[in-house]
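Bear in mind the structure is a predicted one, so any value in this text is a computation, not a measurement. Just so you know, residue 1 is the first one in the sequence shown, and it goes up from there.
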Amino acid sequence: MTNLRPIKTTYVNESVYEALERAILHGELPPRAALNDRRLAEMLGVSRTPVRDALHRLEGSGLVERRGRHGWAVAGLEPRDVEEVFELRRVLEPLGLERLAETWEGAAVRELSGFFGGFDEPLRREQYPEYLGRDHDFHKKIVACSRNSRVIGFYGILEQQIDRVRHYLSYGYEGRVEASLAEHKRICAAIGARELESAKGLLLEHLNMVEKTMVSFVESQDLERIIRERGIGE
């Protein structure tokens with residue numbers, strides 16, 4: 001677990017939370033891995049208290065689950081978990097496009113239509129982190145176009161689950177990232193042409209393809225082997 005290092009900051013609680021959240025979202029702490037608060041505290045160079053506080057917060061966001069009375073584990077990632085995340089995305093994200101199309105506000109259209117202009121195919125492996133960040137920001141921007149604070153807030157809660165799926169997919173299916181970029185560019189072009197139905201159709205097609213690939217990936221993973229190889233757990 002190369003990213004978990006002693007923390008040198010006065011904001012210990014927040015830093016511990018961010019470090020553990022990042023390790024889970026990026027797959028460094030894989031689904032169902034046991035989380036030993038004493039071991040994590042030693043790795044991060046902090047006391048057990050901020051680690052326990054972080055685990056409670058992560059439990060509230062659905063990234064961590066209780067294991068017995070005093071233990072935790074990374075939440076599992078089953079096909080049904082993926083399907084539920086994408087079912088919600090297919091409801092929330094098209095709403096943003098529909099609201100955008102009410103005015104086709106120039107600045108928003110220009111921003112979204114050129115969102116992936118800095119990426120060429122095929123993507124190099126070292127570009128993946130930057131691309132994943134743009135992917136995240138693109139879908140978040142679409143939802144923001146809904147101008148509905150409750151929808152935006154709910155999507156914010158869902159974002160952690162989306163990011164977890166996104167990172168697993170990118171590193172599990174290298175070729176899928178290039179397909180994802182091409183799909184995003186087609187959505188951008190439809191927005192730039194102010195073609196609502198085309199943009200919505202391409203968005204839903206993209207979400208369906210990502211869901212299908214991710215479900216297949218999750219079904220194929222030997223998570224117990226991954227946990228053993230990484231030396232994670234109690």
Side-chain angles (χ1 to χ4, degrees), residues 17-18 20-35 54-67 71-99 128 131-146 148-173 176-177 179-180 183-184 187 199-224 226-227 232:
Y17 173 81
E18 291 174 357
L20 294 179
E21 178 192 47
R22 184 170 54 251
I24 292 172
L25 293 181
H26 292 195
E28 191 174 353
L29 291 170
R32 299 199 297 272
L35 299 172
L55 292 172
H56 281 296
R57 288 177 62 186
L58 291 165
E59 181 184 2
S61 66
L63 294 179
V64 164
E65 299 172 341
R66 279 284 187 175
R67 175 174 287 183
W72 289 270
V74 178
L77 187 61
E78 304 296 335
R80 184 56 186 162
D81 298 314
V82 176
E83 291 164 356
E84 289 180 354
V85 166
F86 279 89
E87 188 171 22
L88 287 169
R89 293 186 69 178
R90 283 190 291 268
V91 172
L92 299 176
E93 295 187 27
L95 176 62
L97 292 178
E98 291 170 1
R99 291 290 174 83
Y128 282 13
Y131 172 71
L132 290 174
R134 289 300 281 175
D135 185 351
H136 170 101
D137 292 343
F138 179 68
H139 290 276
K140 187 174 181 179
K141 178 66 177 180
I142 287 176
V143 173
C145 290
S146 71
N148 183 316
S149 61
R150 287 174 173 80
V151 167
I152 294 168
F154 184 78
Y155 193 83
I157 296 171
L158 187 64
E159 276 184 277
Q160 288 180 314
Q161 302 295 338
I162 295 172
D163 280 346
R164 191 182 185 203
V165 169
R166 183 178 288 124
H167 279 280
Y168 264 93
L169 180 59
S170 67
Y171 294 104
Y173 279 99
R176 175 61 209 160
V177 178
S180 172
E183 291 162 10
H184 280 127
I187 297 168
K200 284 173 57 179
L202 290 166
L203 173 62
L204 291 173
E205 180 181 330
H206 165 67
L207 294 177
N208 288 338
M209 287 299 297
V210 177
E211 177 186 10
K212 180 180 178 180
T213 308
M214 188 60 204
V215 167
S216 176
F217 176 58
V218 171
E219 289 175 339
S220 71
Q221 292 306 287
D222 182 353
L223 294 178
E224 298 301 329
I226 294 172
I227 291 170
I232 300 167

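Under the 3.5 Å distance criterion, with hydrogens and angles disregarded, a donor-acceptor pair is assigned to the side chains of Arg89 and His139. Checking Ser146 against Tyr155 by side-chain atom types alone, no donor-acceptor pair falls below 3.5 Å.
At a threshold of 4.5 Å between non-hydrogen side-chain atoms, the residues Leu25 and Leu63 count as touching. Between Trp72 and Leu58, the closest side-chain pair of non-hydrogen atoms is not below 4.5 Å. Side-chain contact between Arg164 and Val74: present, with at least one pair of heavy atoms (C-beta onward) separated by less than 4.5 Å. Residues His26 and Leu132 have side chains not in contact (no heavy-atom distance under 4.5 Å, counting atoms from C-beta outward).
Between Glu18 and Arg57, none of the side-chain N atoms (NZ, or NE/NH1/NH2) sits under 4.0 Å from a carboxylate O, so this pair counts as no salt bridge.
The minimum heavy-atom distance linking Val151 with Val143 is given by the pair CG1-CG1, 4.0 Å. Residue Gly62 comes nearest to Ala75 through the heavy atom pair O-CB, 3.3 Å, listed as atom of the first residue, atom of the second, then distance. Taking each heavy atom of Ser61 and Gln161 in turn, the nearest pair found is O-NE2, 3.2 Å. For the pair Val215 and Pro79, the tightest heavy-atom approach, listed with the atom from each and the gap, is CG1-CB, 3.9 Å. Residues Leu55 and Leu20 share a closest heavy-atom pair of CD2-CD1, 4.3 Å. Here the closest non-hydrogen pair linking Lys200 and Pro94 is CE-CB, 4.4 Å.
Atom CG of Leu203 sits about 5.0 Å away from atom CD1 of Ile187, to the nearest 0.5 Å. Interatomic distance, CE of Met214 versus CD of Glu219, reported as 10.5 Å (0.5 Å rounding). Between the CD1 atom of Ile152 and the CG atom of Leu95 there is a distance of 9.5 Å, given to the nearest 0.5 Å.
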Report task. Could you please spell out the steps behind the side chain to side chain contact (heavy atoms under 4.5 Å, CB included) verdict for Glu78 and Glu84? Result -> CA-CA 10 Å; Glu78 304 296 335; Glu84 289 180 354; over 6 Å; no

Requested in this report: Applying side chain to side chain contact (heavy atoms under 4.5 Å, CB included), run through Leu202 and His206 and close with a yes or a no.
Outcome: CA-CA 6 Å; Leu202 290 166; His206 165 67; over 6 Å; no

Query - Intermediate values then yes/no, side chain to side chain contact (heavy atoms under 4.5 Å, CB included), Glu59 and His56 - result: CA-CA 5 Å; Glu59 181 184 2; His56 281 296; 4.0 Å; yes

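Side-chain atoms of Asn208 come within 3.5 Å of backbone N or O of Leu204 as a donor-acceptor pair. In this structure, Ser216 contributes its side chain and Lys212 its backbone to no donor-acceptor pair below 3.5 Å. With hydrogens and angles disregarded, a donor-acceptor distance shorter than 3.5 Å links the side chain of His184 to the backbone of Ser180. In this structure, Asp163 contributes its side chain and Gln160 its backbone to no donor-acceptor pair below 3.5 Å.
For Glu159, the salt bridge (charged side-chain N to carboxylate O under 4.0 Å, His left out) partners are Lys140, not counting sequence neighbours. Residues satisfying the salt bridge (charged side-chain N to carboxylate O under 4.0 Å, His left out) test with Arg90, not counting sequence neighbours, are Glu211. Taking the salt bridge (charged side-chain N to carboxylate O under 4.0 Å, His left out) definition, one finds that Glu87 meets it with nothing, sequence neighbours left out.
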